[in-house]
Structure formats: structure tokens, C-alpha cells
There are 2 protein chains.
Amino acid sequence: MSGTRTARSFVSAQQVAELAGVSRSAVSRTFTDGASVSETTRQKVMKAADSLGYHVNHLARSLINEDSGIVCIIGAEINTPYQARMLDALTRRLQAISRVGMVINTAGDSSSVELALRQTLNYRAGATIVLSGAPPANLIKTCVASGQKVILINRDDHLDGPKNITLDNTAAAREAFLMLQRAGCERLAVVSSLAGTPSLVARTKGFQAAAAEAGLKVTVTATGPTSYASGFEAGRVLLSGSDRPQAAFCVTDLLACGFMDAARFEFGLSVPQEICVIGFDDIEQAGWASYNLTTFKQPIDQIADHIMRLLAEPGDSASDDGTACFQAVPVWRRSVRPR
Amino acid sequence: MSGTRTARSFVSAQQVAELAGVSRSAVSRTFTDGASVSETTRQKVMKAADSLGYHVNHLARSLINEDSGIVCIIGAEINTPYQARMLDALTRRLQAISRVGMVINTAGDSSSVELALRQTLNYRAGATIVLSGAPPANLIKTCVASGQKVILINRDDHLDGPKNITLDNTAAAREAFLMLQRAGCERLAVVSSLAGTPSLVARTKGFQAAAAEAGLKVTVTATGPTSYASGFEAGRVLLSGSDRPQAAFCVTDLLACGFMDAARFEFGLSVPQEICVIGFDDIEQAGWASYNLTTFKQPIDQIADHIMRLLAEPGDSASDDGTACFQAVPVWRRSVRPR
DNA sequence: CGGTGCGTTGCAACCCCGTGCAACGTTCCG
DNA sequence: CGGAACGTTGCACGGGGTTGCAACGCACCG
């Protein structure tokens, strides 16, 4: 409204102050919660700010309080259903507490996790959430030393600075074994990938251990990345032999979907009559009629809530050792025989 | 390595300078590309910086050049396969050109799009990409006036400031009709949602128009959000009648998957023998063996590349009118009868 | 009427960094 | 050996915002 403004740059508090006929401090205080400004000047300032299109520069503001309000979220494979859902849950909540998420996609390259962590420092992020990837320990230490909150999800290396969030993978895997055992399955398989992340390994090991205790042997496959295609491939390999497994525990729903499709379309097997399948994560597709996959639900909302609680805490409260462990709950559908 | 540092705050260039025994400018120049520093001081500075854990404050840096290097990405429904893939493509590329993406989840609430756009200004983002939602025109104007690049995807309101990226939905919809016509289908349906976004509407209208020209009538359904469940529900309704459609054009793959499952599992129909289905987007699940969905592929990589090109351009080049239109290409799988 | 207390306001310093400018040291050449 | 040319370095300022401090105006009270 203020005539032609061809400057093509951001409006500063100075300009607003001049237009409103007050000092720059007054403008600042108008936009600072709890500062002392009279109602009349506040009005003047707001009017001037509106007409110029002024917005507080959070960057300059954070020069002082050393926290930009930015929360870094580091992940590879953002387009995976599970991570996408986590991202959705996190960004939605951040928006609600008027903070903001910076998403850094490390694209699987391990060295770029380091780069990502550097960005976190460059932008004075108040917190960093690592969804996947193995960040170098020394950089994490720098983050913590700088007063950042570092939150690691599903990593097993328990450093003391960062907060860890884990899932009780072992318990879930044992439960999975019991479910298959009760269904009367004896020849068992685990379908995993070559990713080798701590949680995937824990699920595999947990299942193996439970089976071993029961005196049953387990065939373990690991192919490619953690994807539908890998599950399909695993199915092709596992099911071609003469005495094929009667049940498969797939460490991820994506793998499970691929495995199921291989079983049905490559070998004409019916699920769960001829082969039982259990997945992990409870991604949306697991509930689709074509799959109806019995699986374990990660409590994403609980985890996200917990993270928000961590962010709200005062910075120096190392109340506990910083580790929170959540339970994955079984979701019964139709890919395992009942009883 | 530098003894105990209990300060718990970020390291400044000043501290590095003192430790290295040089001036603060020297430190600054060491971390600025193309600045003149001798090799010896650079070494000294780097060593000091390393031992203190120093990282340049991008925020302070951006006070000067008025661009924080942050690119805002605004979207609702991040966990949708299509948007997740777009997000992945974008963040990956941003990382490669050492910029960074700030993801703002507007969570469907229309007023929060405004909030999101405000954040964009607060953080002096160099560019804003709007994946979904209808941003208020006046705020967009402020963004553009502030020198930001605003990129709107799949919106049809063509303001002059922002760059628009669209898909030729009409052409694709016509092509979809032809594919079904050639397959010998006469009773046709369109499955859409209540979201009412421009692209969904365009697909529906385009299909209807093409059918009308050929003298065929089309039943149009629109239920709920753009999801699997809505597609399923649509199927349940459409297929229960006596003369059910022989083919359905679902304006989204998610809808298509739901529709297919309803057809198969609720009514025992086989695809494509008894009913043909075409989707849109080519999400990953469309390629899964359970669906084998014939669909239209959105050229996400091309679009992402194009956006990067827009970001690389000098700010004031309004070379063209700012609209780029991409073609969706048909992907033949097994959900439509050949010939 | 003077003093006190309170709310508001402006000044100036500071947050961290980049950069023009001038001074400095060095090398090289005439 | 003197001077020019050049690369390096430090100083000081600016960028936008916050904040302690002091000054100011005002109402209230004794």
C-alpha cells in the first residue's frame, strides 16, 4: 500500500520505526512477547509494519539467544513410508509450537551425514533429530557441547550426551516368533536387508534367539536395500527350494509386501494357508486389502510426542540417562493363521 | 581437545582468532571462498577452529547477503507417497548445492498456510516452494517483493510474481480416456476426492470432456480425502449398481489402489478382464505385483531439476512468464486390457 | 508543591560475521 | 639501492535485532 517499493529486499525494523515515528527499540519491543510497550505505540508500529510488509528477522534475533528455533531432522530415504510418516508427525508438531524443521537428506551417503551435522551447527539449530545414518561421534560431541539437543532414533551406540530413543526390537521379535509358533509353523525364515542398521539387526537376532531356545532353526536372508524389491527377491530365493519355509518374519513391512507378492504371484502360494508372514512398522500399505499384513506397529505418535517433550525441557536437565524405550505392539490382520 | 569447555555455547570467530593469534578478519576470510589468506595463517586458523569445534554462523552471514540459503518447502500431507517422493527429490538436490530445505507442514489447515508463509519471511528464505494448499495472494506478493523466489506447484491461479509449475492434466486425462476406449470400455467412471485441488479437477474435467466428444457418459464420484480408503469407498458405491462401469479413471494412484481392492475383494471382479483401472502419479505401490497399475507418471525428477534451475537463476530474471508445464507420461502395466 | 513510584521510551552497546580501505611487508625490477 | 607492484592483514563499519540503563512523563500521595 505504501506506493511503489522497487527495492526488492526485506523490510527492516528501522524503516518501520521511521514510518511510525518511533525508535527502533519500540518496534523491537512490539514484536517481543512480554516487553513493555504502550498500547498506542504498539498500534502505530503494527500499522506501519503491516503497510510495509515487515517481518521480524529471526536470524538476527537468534544472534543473541543462540537458538534459531530451527530443529534439524536428518534422514536418508525420506520417501520410505515409515520415515515419511515420522517426518509428518514431527513437522506437524513443530509447526504447532511455532518452531520449524530443517530437513537434511543424507541420501544414504555416509559421509554426508557429517555434512548434515555441520549444517546443524551452521544454522545454530536448537536441536537435531537423527532418523537414520551413523553420525560421527566427535561431531555429536560438538553439537552437545554447543548446547544443542541431539536426539538419536534407533541407534544402539549409547553416548552420554545425546538422548536416545529406541524400540524394544528384541521383545517384538520374540513375540513374532511366538505368534508363528502358535500358528504351527516350524520351518522359519527371516527376511532382512543389507542395510545392517541396529534395529534391523536386533530384530533378526531376537527372532533367531527365540527360535533357538525353542529348538527351531531359522534361515536368514539379507538382500539389497530395505525395499519391496528386496523382499520380492528374497521370496524368489527362499521359496524355490524343495522344503520351503512355512513362515517368514520380515524385519520391515516393505520387505514383507515384496515377499508376499513373490509367494503369491511367483509360486502361487496362498497366505496364510500355505505360508505365514509377519512384518514390522505397520506402514499404511500393511492395512490395504491386498496385503492385510499382520505386523508390529511403531508408536510413531508417542515417539513424536516424547521428542516434543524433550525439546520443551530446559537445556541442561540431564534428568535421566536420556534413553527412552518404546514397545512395538502387534497388529493382527490376516497374514498369519489364527491360534 | 582444548581442555574442559563448560561454556555450553557456540564458538565464535573471536575465540578462534585469539587462539590462533590472528585477527577476526583472518578467521572470516579463511572460511570465505575466494578471499585472500596466506597458506600459513589459513593453517593456523583451521587448527584453532578444529580444536574449538568452530562452525561459521550462517545466520549472521546471511544478515549481510540477505539470503539465508534456506529454501522453504510448504506442504500438507507429507506422508503421501507422491509428496514424500517430491520432498525426497528436492531435499536431496538442495543438499547437493549446499542449500537446505525447511519443511513446513500445514497439516491441511488453510489458515496455517499463511503462518507457514510468514515463517518463510521470518527466516529470510531465499525461495519458497508450495507443494499444496492455497496461499493468500497478498502474502505471496510480500514474499516476491522481498526478493524471494516463490514456486507454486500445480496451482492454476497464475499471479505474475511467482513461478508456476504445472502438469498438462487435461492432455493426460484425454489420453486416459483413449486408452480405455481402445480397450473397448463404454461405461466409464471417474474416481476423485473432495479435496478439490486444481489438478484433480482438471483431470476430472479433461476426462469428461474427452468422453463427451466421443458421445459417452461418465459417472463421477468424489468421496473424502485423496486416499486409499476413499478409493475403496468409491468402489463400493460404484460397483454395487446393476450396470456397473467397465472402467474407472482414478485421479490418483492412491484412489486407484483402493478402488481396485474394492473391486476384487468386495465384488470378486478381476482386473483388467472385468474392469479396467487407470491411476495417476505412478507412486511406488503402483508397480507392486498386487496392483500392476497402469498409470501416468509425474516427471518428479524433471520437475525437481527445473526447480533447481530456477533457484540458480539470478533473482531478477523474469525471463519468461514463469510458467513451466510438464507432461505426464503413461506407464503401461496390467490394469487395462491391451489393444 | 515536592517527592515517589511506575510505566514507557530512546540511546548505545552487543550479538557474529563480511568487507572496503589503508597500512604493511615482500619481492622484483630497473 | 630505490621504487613500484602485489599479496596479506587489521581496523572499523554495517547488517537487523535485543536489552540494560537512564531519562522522561505522569499520576498519585503526603
Side-chain angles (χ1 to χ4, degrees), chain A residues 7-46 48-49 52-70 118 121-126 146-147, chain B residues 7-46 48-49 52-70 118 121-126 146-147:
Chain A
R8 240 178 191 277
S9 73
F10 291 92
V11 181
S12 76
Q14 183 64 44
Q15 299 172 37
V16 177
E18 280 164 17
L19 180 59
V22 298
S23 77
R24 205 157 51 81
S25 326
V27 177
S28 171
R29 283 191 253 261
T30 302
F31 290 98
T32 307
D33 286 345
S36 164
V37 210
S38 72
E39 191 53 31
T40 45
T41 55
R42 149 174 255 106
Q43 295 287 344
K44 280 194 291 183
V45 170
M46 286 308 258
L52 289 179
Y54 170 74
H55 286 85
V56 179
N57 189 337
H58 274 37
L59 276 37
R61 177 177 274 179
S62 67
L63 277 189
I64 296 178
N65 51 352
E66 289 223 321
D67 179 354
S68 57
I70 294 176
R118 286 242 150 77
L121 290 164
N122 286 335
Y123 285 98
R124 299 306 191 248
S146 302
Chain B
R8 245 186 186 271
S9 71
F10 291 93
V11 180
S12 75
Q14 184 63 44
Q15 299 173 38
V16 177
E18 281 163 17
L19 180 60
V22 297
S23 77
R24 207 174 47 73
S25 324
V27 178
S28 172
R29 283 191 252 262
T30 302
F31 290 98
T32 307
D33 286 346
S36 164
V37 211
S38 74
E39 192 51 34
T40 44
T41 55
R42 149 173 256 106
Q43 295 288 343
K44 278 194 292 185
V45 170
M46 286 308 261
L52 289 180
Y54 170 73
H55 287 84
V56 179
N57 189 337
H58 274 37
L59 275 38
R61 177 177 272 180
S62 68
L63 276 190
I64 298 175
N65 49 353
E66 287 225 322
D67 178 353
S68 57
I70 294 177
R118 285 242 150 75
L121 290 164
N122 286 336
Y123 284 99
R124 298 304 190 251
S146 302

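Quick note: numbers below take in every heavy atom, side chains included, and nothing from hydrogens, waters or symmetry partners. Keep in mind that this is a model prediction, so the values were computed, not measured. By convention in this document, chain letters (A, B, ...) are assigned in the order of the sequence lines, proteins followed by strands, and residues within each chain are numbered from 1.
- Atom CD of residue Gln14(A) and atom OG of residue Ser23(A) lie 9.0 Å apart, to the nearest 0.5 angstrom.
- Within the 4.0 Å cut-off from OP1 or OP2 of dT9(C), not a single side-chain nitrogen or oxygen of Ser36(A) is found.
- Protein atom CD of Gln15(B) is 8 Å distant from nucleotide atom P of dC16(C), rounded to whole Å.
- dC15(C) atom P lies 16 Å from atom CG of Leu59(B), rounded to whole Å.
- Looking at heavy-atom distances under 4.0 Å, Val37(A) makes contact with sugar-phosphate atoms alone, never a base.
- Looking at heavy atoms from C-beta onward, Ser9(B) lies in side-chain contact with Glu66(A) at the 4.5 angstrom threshold.
- Each of Arg124(B) and Arg24(B) lies near DNA chain D, and the nucleotide nearest Arg24(B) is the one positioned closer to the 5' end.
- Between the CG atom of Asn122(A) and the P atom of dG18(C) there is a distance of 11 Å, given to the nearest Å.
- When the side-chain nitrogen and oxygen atoms of Thr41(B) are compared with OP1 and OP2 of dT9(D), one or more of them lie within a distance under 4.0 Å.
- Picking from dT8(D), dC17(C), dT19(D) the nucleotide with the shortest atom distance to the side chain of Ser38(B) gives dT8(D).
- For dG17(D), neither phosphate oxygen OP1 nor OP2 lies less than 4.0 angstrom from any side-chain nitrogen or oxygen of Ser28(A).
- For Ser25(A) and dT19(D), the shortest distance from a side-chain N or O to OP1 or OP2 is not below 4.0 Å.
- Computed from coordinates, the Ile64(B) CD1 to dC13(D) C1' distance equals 10 Å when rounded to whole Å.
- Remark: C1' of dG16(D) and CG of Leu63(B) are 6 Å apart, rounded to the nearest angstrom.
- To the nearest 0.5 Å, atoms CZ (Arg61(A)) and CG (Leu59(B)) are separated by 13.0 Å.
- With rounding to whole Å, Glu66(B) atom CD is found 10 Å from dG17(D) atom P.
- With hydrogens and angles ignored, the 3.5 Å screen pairs a side-chain donor or acceptor of Ser68(A) with a backbone N or O of Tyr123(A).
- Atom C1' of nucleotide dG17(D) and atom NE2 of His55(A) are separated by 16 Å, given to the nearest angstrom.
- Here Asn122(B) contributes atom CG and Phe10(A) contributes atom CZ; the two are 10.0 Å apart, rounded to the nearest 0.5 Å.
- Between Tyr54(B) and dC17(C) there is a side-chain N or O to OP1 or OP2 distance below 4.0 Å.
- The CG atom of Asn65(A) sits 18 Å away from the P atom of dC14(C) (whole-angstrom rounding).
- Nearest-nucleotide positions on DNA chain C for His58(B) and Arg29(B) put His58(B) closer to the 5' end.
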